[in-house]
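Please read the structure below before turning to the comments.
Because the structure is predicted, anything quoted here is derived from the model rather than measured.
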Amino acid sequence: QVQLVESGGGLVQAGGTLRLSCAASGRTFSSYVMAWFRQAPGKEREFVASISGRAGAPYYADSVKGRFTISRDNSKNTVYLQMNSLKPEDTAVYYCAADLLVTRPWRETYDYWGQGTQVTVSS
């Protein structure tokens with residue numbers, strides 16, 4: 001079983017920057033596709049970004065493309081989400097997810113999920 005722990009959430013002003021981290025357990029971290037999802041109050045959970053295992057190929061939702069950057073450090077079993085030019089619309093609980101078998105990374109079919117970390121962007 002994979003354990004995921006997010007950190008780095010907080011309160012920032014619009015236009016600001018925040019970096020989220022997700023630490024994963026296990027010896028096969030590099031084999032997992034990692035992703036970030038988010039859920040705002042009253043809204044459905046939505047895909048934010050994903051990154052493949054060894055190759056580290058990223059994939060982004062249109063809403064964050066050009067502003068957010070996903071990356072991973074397989075030696076540290078950690079995936080990151082660098083969030084720049086934050087908007088109030090980015091306010092949500094951000095969740096880290098992992099799975100070995102992913103063909104459509106934007107779908108909520110990941111086997112493992114973190115507890116979430118709150119990101120609040122003030123205007």
R19: partners by salt bridge (charged side-chain N to carboxylate O under 4.0 Å, His left out), with sequence neighbours left out
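Partners of R19 under the salt bridge (charged side-chain N to carboxylate O under 4.0 Å, His left out) test: none.
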
Can you get from [X] to [Y] by hopping between Ile, Leu, Val, Met, Phe, Trp and Tyr side chains that sit under 4.5 Å apart?
X    : Y   : result
Y112 : V48 : yes
F68  : Y95 : no
F37  : I51 : no

How long is the gap from CG on L4 to CZ on F29, to the nearest 0.5 Å?
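If we round to the nearest 0.5 Å, L4:CG and F29:CZ are 8.5 Å apart.
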
To the nearest 0.5 Å, how far apart are CG in L20 and CD in Q82?
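Separation between the atoms: 9.0 Å.
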
Is it true that a side-chain atom of [X] and a backbone atom of [Y] form a donor plus acceptor pair closer than 3.5 Å?
X    : Y    : answer
D111 : D99  : no
Q39  : A92  : no
E6   : G116 : yes
S25  : Q3   : yes
R54  : N74  : no
Y60  : I70  : yes
S123 : P88  : no
N77  : A24  : yes

Who are the side chain to side chain contact (heavy atoms under 4.5 Å, CB included) partners of [X], not counting sequence neighbours?
X    : value
V12  : L18, L86, V121
S85  : R67
S7   : S21
T109 : R107

For a ring pair (Phe, Tyr, Trp, His ring centres under 6.0 Å) with F47, tell me which candidate from W106, W36, Y59 qualifies.
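Testing each of W106, W36, Y59 against F47, the sole residue satisfying ring pair (Phe, Tyr, Trp, His ring centres under 6.0 Å) is Y59.
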
Using side chain to side chain contact (heavy atoms under 4.5 Å, CB included), reason through C96 and V79 one step at a time and then give a plain yes or no.
CA-CA 9 Å; C96 179; V79 63; 3.9 Å; yes

Under the salt bridge (Lys or Arg N to Asp or Glu O under 4.0 Å) definition, can you give me all pairs with a residue in residues 31-52, not counting sequence neighbours?
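Of all non-adjacent pairs touching residues 31-52, those that pass salt bridge (Lys or Arg N to Asp or Glu O under 4.0 Å) are R38-E46, R38-D90.
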
Tell me, do Y110 and M34 make a side-chain contact under 4.5 Å, heavy atoms counted?
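Heavy-atom side-chain distance check fails, nothing below 4.5 Å.
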
